[in-house]
Amino acid sequence: MVDNPWFYVAGIVAVLIVGVAKGGLGGGVAIVGVPLMAVVVSPAQAAAILLPILMVMDALALRAYWAEWDTRNLKILLPAALIGTVLGMVTFGSLSADGLRVLVALVALLYSVQYFLPQGRGAARSPRLAEGVLWGTLAGFTSFSVHAGGPPLQAYLLPQRMDRTRFQATSVVFFFVVNWSKVGPYAWLGQWNTDNLLTSAVLLPLAPVGILLGRRLHQRVNDALFFRVVHASLFAIGVKLLYDVFASH
């Protein structure tokens, strides 16, 4: 298992943030997990360690938000996401560790920057097949590679301006299906080795803690400050990853 103490500092923070996000407070900021861990280990290893934890979180969150989801959106998104997962599996290994760090950094930077840009309100959209297929496929692909499916999913769901709980429940079901669909491919690609699984087991007890905190805060806390802090941190992580890549060459 990973024996770098700094990894566990990063891992504890990452797992708690991801759990709170999935539990209902942070939404797409769950993408902070891999970038934060990737400061210490490779993005591929970070993704492998995080996957079993995500699967447990998804199961816990699914129970908490049972039957609150939007079925119409899921019928569009889930088949597309599975196509994206297959694309992620086929292209896995085509990027070097530094290439993955750049991908993670760009996703982190783009997502954090867009959060602070002025957002036009406009009229609420209805679910659209073409857009759902596009964003669902992209979410499945980025989720398979670096567990960063949140931003594409939000790009599709947020303009619909649905109820907050329905939005969260729809996201929970989406990632429950997508993350559990990675089990076979990750095993086939050798990602589920003993070291990674033992490291996952050490961090796993934090999963229900994060979910419980997120669920309790969902209706009790204005999450604006939380969003700002995490997005600012995500921006800093993205800059750090890019610096590490270019400083090593």
Side-chain angles (χ1 to χ4, degrees), residues 2 4-23 25-55 57-58 84 88 91-92 95-117 138-155 171 175 178-179 182 186 191 196 199-200 202-203 206-207 210 214 223 226-249:
V2 176
N4 186 331
W6 287 111
F7 169 80
Y8 292 97
V9 173
I12 289 170
V13 175
V15 170
L16 286 176
I17 291 176
V18 172
V20 169
K22 285 184 172 290
L25 183 61
V29 297
I31 74 164
V32 76
V34 170
L36 189 53
M37 291 182 177
V39 173
V40 186
V41 299
S42 74
Q45 185 176 16
I49 291 169
L50 195 56
L51 180 57
I53 300 169
L54 293 177
M55 292 167 61
M57 288 180 175
D58 290 331
T91 58
F92 185 86
L95 286 176
S96 64
D98 280 346
L100 279 175
R101 283 193 174 91
V102 171
L103 174 62
V104 173
L106 291 177
V107 171
L109 289 172
L110 289 172
Y111 187 64
S112 58
V113 168
Q114 65 83 31
Y115 174 80
F116 291 104
L117 294 177
L138 184 57
F141 177 79
T142 54
S143 180
F144 186 90
S145 303
V146 288
H147 303 317
L153 179 66
Q154 288 197 341
S171 300
F175 286 112
V178 170
N179 284 331
K182 301 174 192 175
Y186 266 52
Q191 290 287 81
N196 290 341
T199 306
S200 300
V202 171
L203 296 172
L206 296 171
D223 50 16
F226 178 84
F227 280 173
R228 293 191 191 102
V229 171
V230 173
H231 282 84
S233 301
L234 198 56
F235 181 85
I237 291 167
V239 171
K240 174 66 165 59
L241 288 173
L242 287 180
Y243 173 81
D244 288 345
V245 170
F246 292 110
S248 63
H249 289 80

For the student: nearest non-hydrogen atoms of [X] and [Y], plus distance:
X	Y	value
Leu153	Ala139	N-CB, 4.1 Å
Gly149	Thr142	CA-OG1, 3.5 Å
Ala207	Val15	N-CG1, 4.2 Å
Ala10	Val40	CB-CG2, 4.4 Å
Met37	Gly11	CE-CA, 3.9 Å

Exercise. Okay, side chain of Tyr8, backbone of Leu203: is any donor-acceptor separation there less than 3.5 Å?
Worked result: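 Between the backbone of Leu203 and the side chain of Tyr8 there is no qualifying donor-acceptor contact (under 3.5 Å).
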Got a second to check how far [X]'s [atom1] is from [Y]'s [atom2], nearest 0.5 Å?
X	Y	atom1	atom2	value
Ile17	Lys22	CD1	NZ	14.0 Å
Leu51	Asp58	CG	CG	9.0 Å
Phe144	Asn179	CZ	CG	11.0 Å
Ile49	Phe7	CD1	CZ	4.0 Å

Problem set entry | For Gln45, all residues meeting side-chain hydrogen bond (donor to acceptor under 3.5 Å, both in side chains), sequence neighbours excluded |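 Asn196.
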Exercise. Under the side-chain hydrogen bond (donor to acceptor under 3.5 Å, both in side chains) test, which residues partner Ser143, sequence neighbours left out?
Worked result: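 Here the qualifying residues are Lys182.
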Problem set entry | Derivation and outcome, side chain to side chain contact (heavy atoms under 4.5 Å, CB included), residues Ile53 and Val18 | CA-CA 10 Å; Ile53 300 169; Val18 172; over 6 Å; no
Exercise. Passes side chain to side chain contact (heavy atoms under 4.5 Å, CB included), Asn4 versus Val41? Steps please.
Worked result: CA-CA 9 Å; Asn4 186 331; Val41 299; over 6 Å; no
Exercise. Is there a side-chain contact between Thr91 and Phe141, using heavy atoms and a 4.5 Å cut-off?
Worked result: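 Yes; the side chains approach each other to less than 4.5 Å.
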Exercise. For the residue pair His147 and Tyr186, does the interplanar ring angle fall in the parallel (under 30°), tilted (30 to 60°) or perpendicular (over 60°) class?
Worked result: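 Parallel: the ring planes of His147 and Tyr186 meet at under 30°.
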